Each structure stands twice: as structure tokens, then as C-alpha cells.
Amino acid sequence: MLPIFGLHGADSKSYLPREDHLDVMPMTRLPLIYKISLDLAASYNFHLTARAYAIPGEYDGERYQCLYTLEGMPTALVARVHQGDLVLSFFSEAKLPPSGLLEIASHILGFHEDLEEFYTIVSRDPLLHPVSTTLRGMHMKATYSLWNGFLIAICQQNASFRQGWTMYSKIVHLFGDTKILEDGSTVHAPPTPNALLTIGERIRKAGTGYRAETILNLAQYFSEHPELQAPPSEVSEKLLQQLKRVKGVGEYSFRVALLFSQRRYDLPPVDRWVARLLSEIYANKPLNLKEAEELSKQLWRSWCGLSIFFMTITLNAAIISKALEVAKTGRINPITDGDQLSPLTLWRNLKL
DNA sequence: TGCCAGGCGGGGT
DNA sequence: ACCCCGCATGGC
């Protein structure tokens, strides 16, 4: 890990209790337990990072927030930029050491990463070159939990980008936990495995279709194997591999889950969409999934998983016919703003 | 209105 | 190891 950030002192003032009352369902507000300001490296773009694949409620154009269970207690991370610093606030009922909290924030936001080698590799890439220019400084945002990674992955099965993320967003908003922070804001957590087991078939209300069965199979498996709910880096490789035996979890979903939750950049989640692009843009001949995977490793080496993540962003996650048309004729032009739905505008344009 | 969309597993070769 | 099909759901 490179020492690219200078740490400023923690700011413990502010956030006095408010006088306003909730007249329905009084709820304990999560107290601020730690706040720190980090000197932002020029190589890190917070707003591009935060908005990529952020669902409504997770990012609002100013701040990024997420909620997870840590040591059995709901814990929220709020991040924003203030005067060139990355300001991180942690809210929880648990007492957690600052070092652990910072590690979690770093895992989620990726501000520790050095992408210079990756930029060199993609700087002349026909589909990825914007990553080293207009999108420079954008990192992949990771989920804190392995479970969350799988939940997102299953939602992407045989679905368009819009359908997959609508599905996931509905699952979070309909069935997830909701907390109010000390600063008055509301934050959502993805439903836990046990919560989903209670919900059962009603998860179909989120539009999951036949994926409901897979999600419930996974919830059951996670519920029976609490070791899987440890911090992602502490889950053994052997235990991870077992997850592929859950019915409905194939190679693609497994890799998406590990990419999103563990930053496994060396594990390319190759689907039909990626295989078609690699076939027609890079190979000029049809490739099956295995051949496409091999080519992705040749092209991008240990960064092939991250390349595929960024490819969905540079092509705005368009359906394959549209993506091919753009890739062959038009300019690669990632949509970062405005009313059109793209991975970078989900947070404001996704209708639930 | 059918038809398709970042898969998957079961059942064929 | 392949190939092929059906599977829910929602959007065009």
C-alpha cells in the first residue's frame, strides 16, 4: 500500500443532538463515532468513483453513503469531498477502532489503489482508452460484504443493465434495513441472508423472476456458513469455491461477486456481452466464452476483471447491438451526467 | 405484441 | 467438452 495520503487529525466536534422529533416510529439515530479528513491524491476522483453503479440513496451528487453490519451492529460510512480533502464519517452503535474503520473505507472506495500500470495498458485500447483520460482517477467501488457482491451478481443474470440494477435496487429499498444517522440522513443496507429467508418468495415483488430461487439458495447457504460473513479478506479460498455449488451460481456470477466484493481484478467475468465485443472488436472472429477469457488475459493481464468493469462504463452498459454499433462506428463516450441512464447516472435516473 | 437481455442447469450429442 | 432449450420479468 502506497503512502499517498497525508492524514489530518480527526474532527470530533459538531453534530450536536437535534431537537426535532419523528412522530411515526421513533428510531434511534446512529451516532457518529469517527470522522477523518484525508488529503486527496490527484490520482483519485471521488465523484466518478462514488457514482459508478451507485443506486438511488447511495449517492446524491455530493455524498456517498452505505450501511453494513459490523460485529453485529449497523455501521454507516459517509464520504464527501470538502476543500480538496476526502472527509469520511462513520456512524455506529459499535465501538470500532479507527484503523479498522479506515481499512473498510479504503476497501469500499479504493483510494489506496495505484492504477498507473493499468492506465498504461489501456491508454491505446479501442474501448478502454477513456479510462486513462476523461475517466482518469475513477476507481471501482467495492461492496463491503461478499454477500452483497453475490446479491448484485445474481441480479445481472440474463438481464439488461437497466433490469438488473432496478431489481437490485428494489431488493435493497423494499427489504433492506433502513437507519437514520445522527446527522439526520437516511441510509439503506442490503437485506441480510436471514432477512431474505424470512421474506421468502415475496422477493419476487422486486422483479427477480426465476432468480428468486438462486437468491434464496444463496441466503440459505450464507445463513448456514457464518464464516462467509466475515470481512471479505478473511474468507478462505476453499470456502469461496464452495459457493459455485449453490444451485443457480455459475462461473459468471461467482466472478462478478468476487470482483465487486474483493477486487479480484485478475478474474474476468466473461459473459455473452463481453464475448461478442472481444470477438468483433479485438479478434475479428467469433470466440466462445473460454477463448474470450483467454484473450482478455492476453490483452489486460492481471487487470482483465477491472477492464471488463470499465468496459461496461465506457460503453454505457448498452445492449450488445448498440454497444457494437458504437464501438465500430462512433466515438466511445461514457455518459457521466444528464438524464440518460448509464452506470454513472443510475443514482439519479433509475426509476424504482 | 412478441422478442430479447452481462446466465444457468439439465439433457441431449 | 460441447450445443440447445426453457426459464420469469420488464422494456422496447
Side-chain angles (χ1 to χ4, degrees), chain A residues 52-53 55 127-128 140 143 149-171 173-175 199-218 221 243-261 264-265 267-282 286-296 300 304-327 334 339-346 349-352:
Chain A
Y53 290 106
I55 61 174
L127 302 183
L128 298 176
M140 193 191 79
T143 63
F150 272 93
L151 201 50
I152 292 171
I154 302 308
C155 291
Q156 313 307 316
Q157 291 182 1
N158 195 29
S160 67
F161 152 78
R162 178 197 295 272
Q163 186 182 7
W165 286 93
T166 302
M167 211 183 290
Y168 172 67
S169 195
K170 282 184 174 174
I171 290 172
H173 284 87
L174 289 173
F175 308 121
I199 288 149
E201 287 294 312
R202 280 173 291 163
I203 195 181
R204 289 171 184 269
K205 291 283 180 197
T208 54
Y210 58 73
R211 300 164 198 84
E213 199 184 328
T214 303
I215 293 171
L216 294 174
N217 288 343
L218 268 172
Y221 195 84
L243 279 157
K244 276 193 249 184
R245 298 170 54 178
V246 174
K247 191 175 172 190
V249 178
E251 193 64 36
Y252 168 77
S253 302
F254 180 79
R255 291 182 181 197
V256 169
L258 262 59
L259 176 63
F260 278 15
S261 66
R264 285 292 301 268
Y265 296 160
L267 220 49
V270 177
D271 49 26
R272 292 182 303 200
W273 189 85
V274 169
R276 282 287 299 278
L277 284 160
L278 284 168
S279 300
E280 302 201 22
I281 307 302
Y282 296 87
L287 305 173
N288 62 28
L289 291 181
K290 188 70 190 164
E291 293 165 333
E293 177 183 342
E294 289 311 312
L295 179 56
S296 80
W300 305 303
C304 50
L306 187 63
S307 290
I308 290 172
F309 168 82
F310 273 116
M311 189 178 293
T312 69
I313 289 177
T314 60
L315 294 173
N316 299 313
I319 60 169
I320 190 61
S321 54
K322 175 77 178 166
L324 283 171
E325 181 192 328
V326 165
D339 295 333
Q340 203 178 326
L341 190 67
S342 83
L344 304 180
T345 66
L346 268 182
N349 294 333
L350 198 64
K351 292 194 289 283
L352 298 186

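Quick caveat: nothing in here was measured; it's all calculated off a predicted structure. Protein chains get the first letters and strands the later ones, always in sequence-line order, with residue 1 at the start of each.
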Heavy-atom side-chain contact between [X] and [Y] under 4.5 Å:
X      : Y      : answer
A:F150 : A:V246 : no
A:K170 : A:T208 : no
A:I199 : A:L174 : no

Considering residues, nucleotides and ligands other than A:E213, do more than 12 of their heavy atoms fall under 6.0 Å from its CD?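 Count not over threshold, so no.
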
Tell me whether A:K244 at atom NZ has more than 12 heavy atoms from other residues, nucleotides or ligands lying less than 6.0 Å away.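 Correct, the count exceeds 12.
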
Provide the distance between the two [atom1] atoms, one in [N] and one in [M], to the nearest whole Å.
N      : M      : atom1 : result
B:dG6  : C:dC2  : P     : 24 Å
C:dA8  : B:dG11 : P     : 16 Å
C:dG10 : B:dG9  : P     : 23 Å

Between A:Y53 and A:F260, what is the ring plane arrangement, given parallel below 30°, perpendicular above 60°, and tilted in between?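 Answer is tilted, since the angle falls between 30° and 60°.
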
Please identify the 5'-most and 3'-most nucleotides of DNA chain B with any atom under 4.0 angstrom from a heavy atom of chain A.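 Going 5' to 3' along DNA chain B, contacts run B:dA5 to B:dG9.
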
To the nearest Å, how far apart are [X] [atom1] and [N] [atom2]?
X      : N      : atom1 : atom2 : value
A:N158 : C:dG11 : CG    : C1'   : 14 Å
A:R211 : C:dG6  : CZ    : P     : 17 Å
A:E201 : C:dA8  : CD    : C1'   : 12 Å
A:I215 : C:dA8  : CD1   : P     : 14 Å
A:K170 : C:dA8  : NZ    : P     : 18 Å
A:L352 : C:dG10 : CG    : C1'   : 14 Å
A:E213 : C:dT9  : CD    : C1'   : 15 Å
A:L350 : C:dG10 : CG    : P     : 14 Å

Does any N or O in the side chain of A:S342 come within less than 3.5 Å of the main-chain N or O of A:N316, such that one atom is a donor and the other an acceptor?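 Side chain of A:S342 to backbone of A:N316, a donor-acceptor pair under 3.5 Å: no, none is there.
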
Where the side chain of A:S169 meets the backbone of A:T166, is there a donor-acceptor pair that is under 3.5 Å apart?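 Absent.
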
Using a heavy-atom cut-off of 4.0 Å across all strands, would you classify [X] as base, sugar-phosphate, or nothing?
X      : answer
A:Q163 : base
A:V249 : sugar-phosphate
A:I308 : nothing
A:A317 : base
A:F260 : nothing

On DNA chain C, check which nucleotide each of A:R204 and A:T166 is closest to and give me the residue with the more 5' one.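 Its nearest nucleotide lies further toward 5', so the answer is A:R204.
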
Quick one: on DNA chain C, does A:K351 or A:Y210 contact a more 5' nucleotide (nearest heavy atom)?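 Here A:Y210 is the residue nearer the 5' end.
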
Which residue lies toward the 5' end of DNA chain B, A:G248 or A:I313, if each is placed at its nearest nucleotide?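 Its nearest nucleotide lies further toward 5', so the answer is A:I313.
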
